[in-house]
Amino acid sequence: MAYRPRFSFTVFVCMFTKCAPGLISGQMRYSIPEEMEQGAFVGNIAEDLGLNVWQLSARKLRLKSDNGGRYLKVNLENGILSLRERIDRERICGPDDKCTISFETILENPSAVHRGKIEIFDVNDNAPTFPHSSIVLQISEASAPGVRFRLESAEDADIGINTVAAYTISSSAFFSLKTHNTDDGFIIAELLLEKSLDREIQSSFQLLFTATDGGTTQRSGTTQILITVLDFNDNQPLFDRDIYRGSVSENSTKGTSVMKVKANDMDEGQNAKITYLFSDLAMRKARNLFRLDPDTGEIRIEGPLDFEQANGYALDVKAVDHGSPAMTGHSKVLIKVIDVNDNTPEVEVTSASNQIPENAPPGTFVTLISVMDRDSGENGQVRCQIPNNIPFKLESATDHYTLITSEMFDREVISVYNIHISAWDEGSPSLSANITIEIIISDVNDNTPRFAESSYNIYVMENNAPGASIFTVTATDPDLEQNSYVSYAFLENQVKNLPVSTYLTINSMNGTIYALRSFDYENLKNFQIHVQARDAGVPPLSSSAMVNVIVLDQNDNAPVIISPSEQGGSETEEFAPRSAGQGYLVAKIMATDADSGQNARLFYQMVKSTDPTLFNVGQNSGEIRTARNILQSDTTTQTLVILVKDNGQPSLSSAVTMNIRVLENSTEAMSESSALVKDPRFFTDPNVYLIVSFSCTSAVFLLIIVLLIGIKCKQDRSIIQGYNSPRYCYNRGDALGTFNGRTVMEETLRYPGTSRVARVPESHQYSVCLSPESAKSDFLFLKPCGAPLSQAQ
Ligand SMILES: *[C@@H]1O[C@H](CO)[C@@H](O)[C@H](O)[C@H]1NC(C)=O
Ligand SMILES: *[C@@H]1O[C@H](CO)[C@@H](O)[C@H](O)[C@H]1NC(C)=O
Ligand SMILES: *[C@@H]1O[C@H](CO)[C@@H](O)[C@H](O)[C@H]1NC(C)=O
């Protein structure tokens with residue numbers, strides 16, 4: 001900038017002029033701005049001192065300067081004072097307001113010293129500068145609006161108006177600049193927080209801070225204000241979902257990851273560091289079952305899950321940051337437990353008793369079967385089954401099954417059923433359970449005791465010892481216990497007008513029959529009794545069997561000789577004509593034996609004779625015949641001893657002694673021997689035959705009447721004791737044609753040892769029933785014998 005010193009110069013000239021009278025000790029004054037070019041004009045010394053130019057050299061003008069010698073020079077040819085080099089006022093004077101350079105001019109011939117001063121005034125040659133290129137500020141986001149932050153001042157080497165005059169900052173919504181001047185002229189700049197900061201929105205600011213001076217040509221300096229917003233824990237952790245939903249199957253093992261929760265905190269550093277926790281609101285139980293990783297937020301299974309206990313859990317979780325004070329965020333976790341078919345069906349049998357009577361009709365309730373499965377859905381649907389080859393079936397109701405019978409039972413065939421009940425659920429894979437229940441079929445007295453045979457024949461040798469056991473009947477009852485306890489008894493009956501109990505007794509416990517008396521075959525050949533077997537059931541069942549007691553003959557009777565009869569012990573006498581030839585029947589010995597069979601089979605034997613050659617006896621016939629012709633030489637009286645022997649073991653015998661007289665005249669003998677038979681009084685009159693035949697007819701008729709009366713008076717035996725009306729059975733095919741059944745029996749049983757006992761088949765039996773009405777009408781009804789004897793009850 002070219003400074004025009006003219007104005008000052010003029011002023012100084014004026015001053016000089018006024019002060020000229022005091023010039024010797026006067027001062028020259030100049031004023032120049034700093035930063036003038038080298039050689040720049042300062043003043044004309046010659047002129048100001050009032051000297052001619054030539055005097056300058058002549059008087060050896062010298063310039064002497066304390067502080068400005070190096071800046072000034074004087075041209076002796078024209079007396080002009082100029083700058084030797086540029087002057088920086090700030091270098092010479094610093095911040096001083098007044099800045100002058102003093103000098104002296106020394107003249108000789110005559111010597112004179114003049115003092116001069118050059119005032120250097122300020123030029124705005126310096127811009128304001130800041131001590132640092134940036135100002136760093138840290139402001140907490142929590143700072144309230146209105147807070148001020150003192151800013152570093154800028155410096156300007158210039159003085160006066162050329163020094164720092166104003167500060168500005170770049171515009172910002174959050175900050176403004178406040179300045180005020182101090183008493184000593186400084187400007188203090190403060191940064192004012194206009195509104196709240198949010199680090200989470202803007203964490204730093206950069207402002208340009210400018211200082212300007214007041215020079216005409218304004219100069220400025222800038223610096224950066226770097227503001228860092230410091231975090232304040234003003235944000236709570238936020239979960240990324242309000243509710244987390246997850247599911248896990250109930251058989252998952254410990255450590256299985258269920259889900260992960262995540263929270264974010266907009267703060268930073270520790271304020272954003274999050275720890276996950278179950279909230280205290282979460283159920284304690286659930287907190288033991290799950291574990292929440294505090295750092296990662298992962299939820300894992302910790303304890304065993306059971307759908308049947310809880311099918312889901314709600315857990316409150318929280319996220320806590322590490323700020324101070326800490327902030328907390330909340331969320332909810334819903335974990336659904338998925339059912340797995342892990343429970344086997346449970347089968348429970350509820351019944352009062354496992355017994356069922358064998359006569360229970362089909363459909364009888366047996367037991368209640370309740371099935372249960374703690375799983376849900378299909379896993380909990382249970383079906384039940386029993387084998388189909390047993391007489392039971394299952395009926396299903398809404399929540400249970402009923403076991404009922406489907407057929408009749410027979411305990412005597414199957415007494416216990418073990419029923420396997422299988423239950424399985426419909427899960428996949430399905431689980432099953434089996435139970436076996438034992439059903440005991442209890443006995444009902446449905447079986448009558450049965451004798452091994454419907455009739456027994458007991459053979460008892462006559463002359464038996466009274467009290468000895470003669471037979472044992474046995475009846476069996478397939479029922480159980482008391483229904484099967486059989487006792488034996490005789491049905492009341494009469495044998496030969498005496499109760500059967502006088503003949504026999506029976507051990508009621510084991511059916512052993514004892515004879516109470518000694519039997520005599522010749523008196524009683526057989527009799528029938530009915531033995532009853534009765535069980536102890538309620539009501540009792542019984543059956544009876546017929547027992548034929550057959551007395552066996554013993555050879556206890558010796559043959560009895562009937563003819564010829566020994567009258568008065570004297571020997572009998574027979575006659576034979578001498579003229580009789582060989583084979584002439586002299587006599588016939590008739591003998592009987594009360595025994596029967598072989599015991600009654602008689603043999604005749606001649607044991608002694610006068611002449612053994614003359615007579616012989618038919619071994620079987622007992623006929624005594626001549627063995628040869630009777631000779632004249634034979635004696636007239638022959639004595640024979642005939643032995644009649646039965647065939648018993650040992651055999652018994654009787655003997656007869658017989659005298660045979662040989663008659664010379666045969667007619668004499670004949671008339672004598674047949675005198676009795678051929679009595680003419682009986683056989684000569686033909687009318688006798690008429691009378692006899694009439695009498696016989698009447699006798700037969702009478703006999704029938706007597707028989708019928710006898711029946712009516714129950715003189716004859718009754719077959720079964722307990723029958724109200726007597727019955728008599730006879731064999732329809734019986735050749736004898738008699739009504740007396742007993743006779744039939746006796747006839748058929750005559751030779752028990754040799755012939756089979758003929759039992760009268762029941763189907764061929766008819767009874768002749770004589771009811772009171774029929775007695776009146778004398779009418780006979782033929783009808784079949786009713787119930788079989790064994791079924792009597
Ligand atoms: C859970 O049960 C399912 C179905 O029964 C089966 O497939 C799976 O293997 C089981 N998982 C475990 C861990 O036992
Ligand atoms: C039950 O019985 C059925 C058929 O007999 C069989 O398949 C099943 O394995 C059994 N279940 C159990 C648990 O024994
Ligand atoms: C029947 O019981 C009686 C008396 O206890 C006994 O003497 C007899 O031998 C038994 N009979 C049988 C066949 O056991």
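No hydrogens, no waters, no symmetry mates; every other heavy atom, side chains included, goes into these values.
At a cut-off of 3.5 Å, with distance as the only test, a side-chain donor of Ser596 or Tyr521 sits close to an acceptor on the other residue. Counting only N and O atoms by type, the side chains of Asn557 and Asp593 include no donor and acceptor under 3.5 Å apart. Donor-acceptor pairing under 3.5 Å is recorded for the side chains of Asn548 and Gln528.
The neighbour count for Met408 CE, taken as heavy atoms of other residues, nucleotides or ligands under 6.0 Å away, is above 12. Dense packing is recorded around NZ of Lys588, with more than 12 heavy atoms of other residues, nucleotides or ligands lying under 6.0 Å away.
The ring pair (Phe, Tyr, Trp, His ring centres under 6.0 Å) search around Phe490 returns none, not counting sequence neighbours. The side chain to side chain donor-acceptor pair (under 3.5 Å) test applied to Gln554 returns Asn463, not counting sequence neighbours. Evaluation of the ring pair (Phe, Tyr, Trp, His ring centres under 6.0 Å) rule for Tyr503 yields Phe527 as partners, not counting sequence neighbours.
The side-chain hydrogen bond (donor to acceptor under 3.5 Å, both in side chains) contacts involving residues 410-422 comprise Arg411-Asp443, Glu412-Asn447, His420-Thr436, Ser422-Asn434, where partners must be two or more places apart or lie in separate chains.
Two residues are said to be in side-chain contact when any heavy atoms from C-beta on lie closer than 4.5 Å; Tyr604 and Asn620 fail this criterion. A heavy-atom distance below 4.5 Å is not found between the side chains of Leu516 and Thr502. At least one side-chain heavy atom of Glu492 sits under 4.5 Å from a side-chain heavy atom of Pro499. Contact check for Glu522 versus Asp595: side-chain heavy atoms found under the 4.5 Å cut-off. At least one side-chain heavy atom of Ile419 sits less than 4.5 Å from a side-chain heavy atom of Leu403. Using a 4.5 Å cut-off on side-chain heavy atoms (C-beta onward), Ile561 and Ile589 make contact. Val656 is not listed as a side-chain neighbour of Val641, based on a closest heavy-atom distance of 4.5 Å or more. Taking 4.5 Å as the limit, every side-chain heavy atom of Val549 sits out of range of all side-chain heavy atoms of Asn526.
The backbone N or O of Leu541 sits less than 3.5 Å from a side-chain atom of Asp535, completing a donor-acceptor pair. Judged by distance alone, with hydrogens and angles left aside, the side-chain atoms of Ser654 form a donor-acceptor pair with the main-chain N or O of Pro559 at under 3.5 Å.
Residue Ile390 comes nearest to Ser406 through the heavy atom pair O-OG, 4.1 Å, listed as atom of the first residue, atom of the second, then distance.
How far CG of Leu643 is from OG of Ser651: 8.0 Å, rounded to the nearest 0.5 Å. Note: Asn445 CG to Asp477 CG = 6.0 Å, rounded to the nearest 0.5 Å. Separating the OH atom in Tyr456 from the CD1 atom in Ile513 is a distance of 9.0 Å, to the nearest 0.5 Å. Atoms CG and OG, on Asn523 and Ser518 in that order, are 11.0 Å from each other to the nearest 0.5 Å. To the nearest 0.5 angstrom, Gln638 atom CD is 12.0 Å from Ile624 atom CD1.
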Donor-acceptor pairs under 3.5 angstrom involving side-chain atoms of residues 468-475: please list them, not counting sequence neighbours.
| residue | atom | partner | partner atom | Å |
| --- | --- | --- | --- | --- |
| Thr472 | OG1 | Thr512 | OG1 | 3.2 |

Anything under 3.5 Å between a donor and an acceptor, one on a side chain of residues 361-371, the other on a protein residue two or more places apart or in another chain? List them.
| residue | atom | partner | partner atom | Å |
| --- | --- | --- | --- | --- |
| Thr364 | OG1 | Pro361 | O | 2.5 |
| Thr367 | OG1 | Thr350 | O | 3.3 |
| Ser370 | OG | Glu348 | O | 3.4 |

>> With side-chain contact (heavy atoms from CB on, under 4.5 Å) as the criterion, how do Phe615 and Ile660 come out once you've worked through the C-alpha distance, each side chain's angles and the decisive distance to 0.1 Å?
In response: CA-CA 10 Å; Phe615 298 103; Ile660 297 170; 3.8 Å; yes

